[in-house]
Amino acid sequence: YVTSDLATDVTINVGEVKFYLHKFPLLSKSSRLRKLVLKASEECCDEINMVDFPGGPKAFEICAKFCYGMTVTLNAYNVVAACCAAECLEMTEDVDRGNLIFKIEVFLNSSIFRSWKDSIIVLQTTKSVLPWSENLKIVGRCIDSIASKTSVDPAKITWSYTYNRKLSVSDKTAGDGMKFREMISVPKDWWVEDICELDIDLYKRVMTAVKSKGRMDGVAICEALKTYAVRWLPDSVDTLDSDVHSWRNKLLVETIVCLLPLDRGVGCSCSFLLKLLKVAILVGVDNSAKEDLLKRISLKLYEASVKDLLIPARPAQTTLYDIEMVLSIVKRYMMLSHDLDVAKNEMGCTDFVLGHGSLLSVGKLIDEYLEEIAHDPNLYLASFIDLSQSVPEFARPVHDGLYKAIDTYLKEHPSLTKVERKKLCSLMDVKKLTMDASMHAAQNERLPLRVVVQVLFFEQVRSAAGVQPLRDTSHSTTNTDEESEKTAAEDCNSLEKQMSRIKIKEDTFQEKCELAKQSSKNSKRGIQLLPSRSRRMFDKLWGFRKGHADNRSSETSASSQSPTSMVPGDNKSSGSSSRNRRHSIS
């Protein structure tokens, strides 16, 4: 009702609310109400029904008060509804000068679109008055206002924002009593948390506009996407995969993936991408989105951790983790590494070139991953071998990590046959074990006897030749890529020199044995460091080698075949002597 001495002469129904008003003030401001009142008079009807009125009764009340000349308070929360209502009532300048549409437009340009917070609030309110707000281009103008402000120099930011550290100005009193203002520095990604309150469709449009400006780097874009994912994706797997939120979570993941920066090699961390992949698998996103994630992850695999690679297995798989997915990522990484190096050599391309330092990191990562998944009792030996062989030899200069993984697999799978254990241990090169790993392997009862003999033989030869033991550089501190490549090259050169020095040929083997006898006093101290079982095996081994040097018979024992990779020309044989000798050693 309107408080007035005059009786009302028109009733307007907006939703469930009846407005008892006067015709004259309404007709002086609204062109549409003129038409509706005229039509109602012709039909001898005193009531006018406003169907699907934008903004509902509250928005119509603002327009009615303006028609009566009352004070109208506009703010970020009601200006969009009032604007749409005024447009619906056709309150234009043609009807009356300084009409409501003009007043609202001035307010939007002079206040709303100049304010960071108000632009976000107004954008959120546009959803309740669609499609009016879209047709009036209010949504687009809000998005452009927000996107423009994100690229402002952080040093010039003076408005408040929702960040971990609020922007504030503190007054401090100097010694002479003068005050000065000290501004807290604003981070470059100050805006990412504010826009997290937007719905996914509006967020997508804002981020698309931010990217189209071309002023925001990939790091800031990825930080914004990560913050939004943390804000809206549930923590628990059950909630993530529930029927109630499944569709929303799927849309959210697909939207984040499509908003990732085009420069795949920078910006987003591999850890974030792998977490996104885990969620994508759970909610069942499209194959195109998963394929895009796999390509991005393969470019930055060297940054990943073992925890990141522990992707839960799909329902059809029997293992705890998705080994096939990780194998696919590693193969992609190796292919990209090769292709990008070729591109660098042929065209001078330097983007995303994966150097030796990165390859060494991947090799160490896969060894640690193998050790982790080896605890799974359902892990097939073929899967373990395939993943181990996906890493090239030059990416694994030291085999300590691989040895730990093999030892763990042997411990968790005691039912392996002799052939399977031999096949598993063939992945490891005993010549690339450090001294600590060799000492452990020499007394490891889970290893095949032949492997133990190979370890002992190689350590004895290395000790006799005076070669320094291998260094395990996997625990070194983080270096730059150039330093990593330099270290890798030095390790490879050192390894080649050591291999060349300990390589034994058939025609010089007798001379090496005589040299070992002469230096037995010096080497005995090194042997005393080994356990008693290993020393007995050494005694048997060198005692047999002495007889072999004097008499080259074809009856070579099974244990003496262990160093065949370093002694070309040894012949294999079988017989009772071989079996008895192996029994006596064990």
Side-chain angles (χ1 to χ4, degrees), residues 127 192 195-212 218-301 303-333 335-336 352 369 373:
K127 202 163 187 177
V192 300
I195 63 174
C196 280
E197 298 304 318
L198 296 174
D199 291 336
I200 186 63
D201 53 344
L202 292 176
Y203 181 83
K204 181 179 180 180
R205 293 177 64 177
V206 169
M207 290 302 299
T208 302
V210 170
K211 292 171 64 178
S212 66
V219 176
I221 295 294
C222 286
E223 182 62 28
L225 297 177
K226 180 180 178 181
T227 305
Y228 193 80
V230 171
R231 172 69 177 81
W232 290 107
L233 284 175
D235 295 331
S236 64
V237 176
D238 295 336
T239 307
L240 193 65
D241 200 25
S242 65
D243 296 334
V244 179
H245 304 288
S246 179
W247 180 84
R248 183 181 67 85
N249 293 334
K250 179 181 177 182
L251 177 63
L252 176 59
V253 174
E254 290 177 349
T255 300
I256 292 176
V257 172
C258 78
L259 289 174
L260 292 172
L262 296 178
D263 46 347
R264 294 175 176 172
V266 298
C268 296
S269 66
C270 190
S271 177
F272 170 64
L273 294 174
L274 280 165
K275 290 176 182 177
L276 205 58
L277 177 63
K278 294 176 185 178
V279 178
I281 294 172
L282 285 173
V283 300
V285 300
D286 296 337
N287 289 331
S288 58
K290 286 194 288 188
E291 185 69 18
D292 188 20
L293 280 174
L294 288 173
K295 289 180 180 178
R296 294 174 183 274
I297 292 170
S298 60
L299 278 169
K300 310 197 78 177
L301 181 60
E303 292 182 0
S305 66
V306 175
K307 184 179 179 181
D308 297 330
L309 288 179
L310 297 178
I311 304 171
R314 288 161 285 183
Q317 297 174 325
T318 58
T319 54
L320 292 175
Y321 304 108
D322 195 337
I323 313 300
E324 295 178 2
M325 184 73 70
V326 176
L327 180 60
S328 172
I329 294 172
V330 176
K331 288 182 177 179
R332 287 171 182 267
Y333 174 85
M335 289 175 59
L336 286 170
F352 319 132
Y369 179 76
I373 64 174

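Only this structure's heavy atoms are used, side chains among them; waters, hydrogens and symmetry mates stay out. All residue numbers refer to positions in the sequence shown, counting from 1.
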Point to revise | Residues, nucleotides or ligands: over 12 heavy atoms within 6.0 Å of E197 CD | key: yes
Revision key, fill the gap. Minimal heavy-atom distance between D199 and Y228, with the atoms involved, is C-OH, 3.5 Å
Check your understanding: How long is the gap from OG on S271 to NZ on K226, to the nearest 0.5 Å?
Key -> 6.5 Å
Check your understanding: So do the side chains of I297 and L277 get within less than 4.5 Å of each other, counting heavy atoms only?
Key -> yes
Review point. K211 and L260: which non-hydrogen atoms are nearest, and at how many Å?
Key: NZ-O, 3.4 Å
Revision key, fill the gap. Heavy-atom closest pair (V326 atom, L309 atom, distance to 0.1 Å) is CG2-O, 3.6 Å
Exercise for review: Go through the steps to decide whether S298 and K331 satisfy the test side chain to side chain contact (heavy atoms under 4.5 Å, CB included), and finish with yes or no.
Suggested key: CA-CA 8 Å; S298 60; K331 288 182 177 179; over 6 Å; no
Exercise for review: Calculate, to the nearest 0.5 Å, the distance between atoms CG and CG belonging to L293 and L276 respectively.
Suggested key: 5.0 Å
Review point. Between atom CG of L274 and atom CG of L301, what is the distance when rounded to the nearest 0.5 Å?
Key: 7.5 Å
Practice item. Count the heavy atoms belonging to other residues, nucleotides or ligands that lie under 6.0 Å from NZ of K250, then report whether that count exceeds 12. Key: yes
**Study point:** Derivation of the salt bridge (charged side-chain N to carboxylate O under 4.0 Å, His left out) call for R332 and E291
**Key:** CA-CA 11 Å; R332 287 171 182 267; E291 185 69 18; 2.7 Å; yes
Exercise for review: Answer yes or no: are there more than 12 heavy-atom neighbours, outside K290 itself, under 6.0 Å from its atom NZ?
Suggested key: yes
Exercise for review: State, to 0.1 Å, how close P234 and N249 come at their nearest heavy-atom pair, and which atoms those are.
Suggested key: CD-OD1, 3.7 Å
Exercise for review: Report the distance from atom CD of E303 to atom CG of L273, rounding to the nearest 0.5 Å.
Suggested key: 9.0 Å
Point to revise | Validation row: S305, D308 side chains within 4.5 angstrom (heavy atoms) | key: yes
Practice item. Measure the spacing between CG of D322 and CZ of R314 and express it to the nearest 0.5 Å. Key: 4.0 Å
Practice item. Would you mind checking if R296 and D292 are paired as a salt bridge, meaning a charged N to carboxylate O distance below 4.0 Å? Key: yes
**Study point:** A220 to V192 - nearest heavy-atom pair and separation
**Key:** O-CG1, 4.3 Å
Point to revise | From CA spacing to verdict: side chain to side chain contact (heavy atoms under 4.5 Å, CB included), M325, L294 | key: CA-CA 9 Å; M325 184 73 70; L294 288 173; 3.6 Å; yes
Check your understanding: Just wondering, do P261 and C268 contact through their side chains at under 4.5 Å, heavy atoms?
Key -> yes
**Study point:** Heavy-atom side-chain contact between Y369 and I323 under 4.5 Å
**Key:** yes
Review point. In Å and rounded to the nearest 0.5 Å, what is the OH to SG distance from Y203 to C196?
Key: 5.5 Å
Check your understanding: Does any non-hydrogen side-chain atom of L320 lie less than 4.5 Å from one of I373?
Key -> no
Check your understanding: Between the side chain of S328 and the main-chain N/O of E324, is any donor-acceptor distance below 3.5 Å?
Key -> no
Practice item. Specify the closest pair of heavy atoms between E254 and V285, including all atoms of both residues, with the distance to one decimal. Key: OE2-CA, 3.7 Å
**Study point:** 4.5 Å side-chain heavy-atom contact, K127 and D201
**Key:** yes
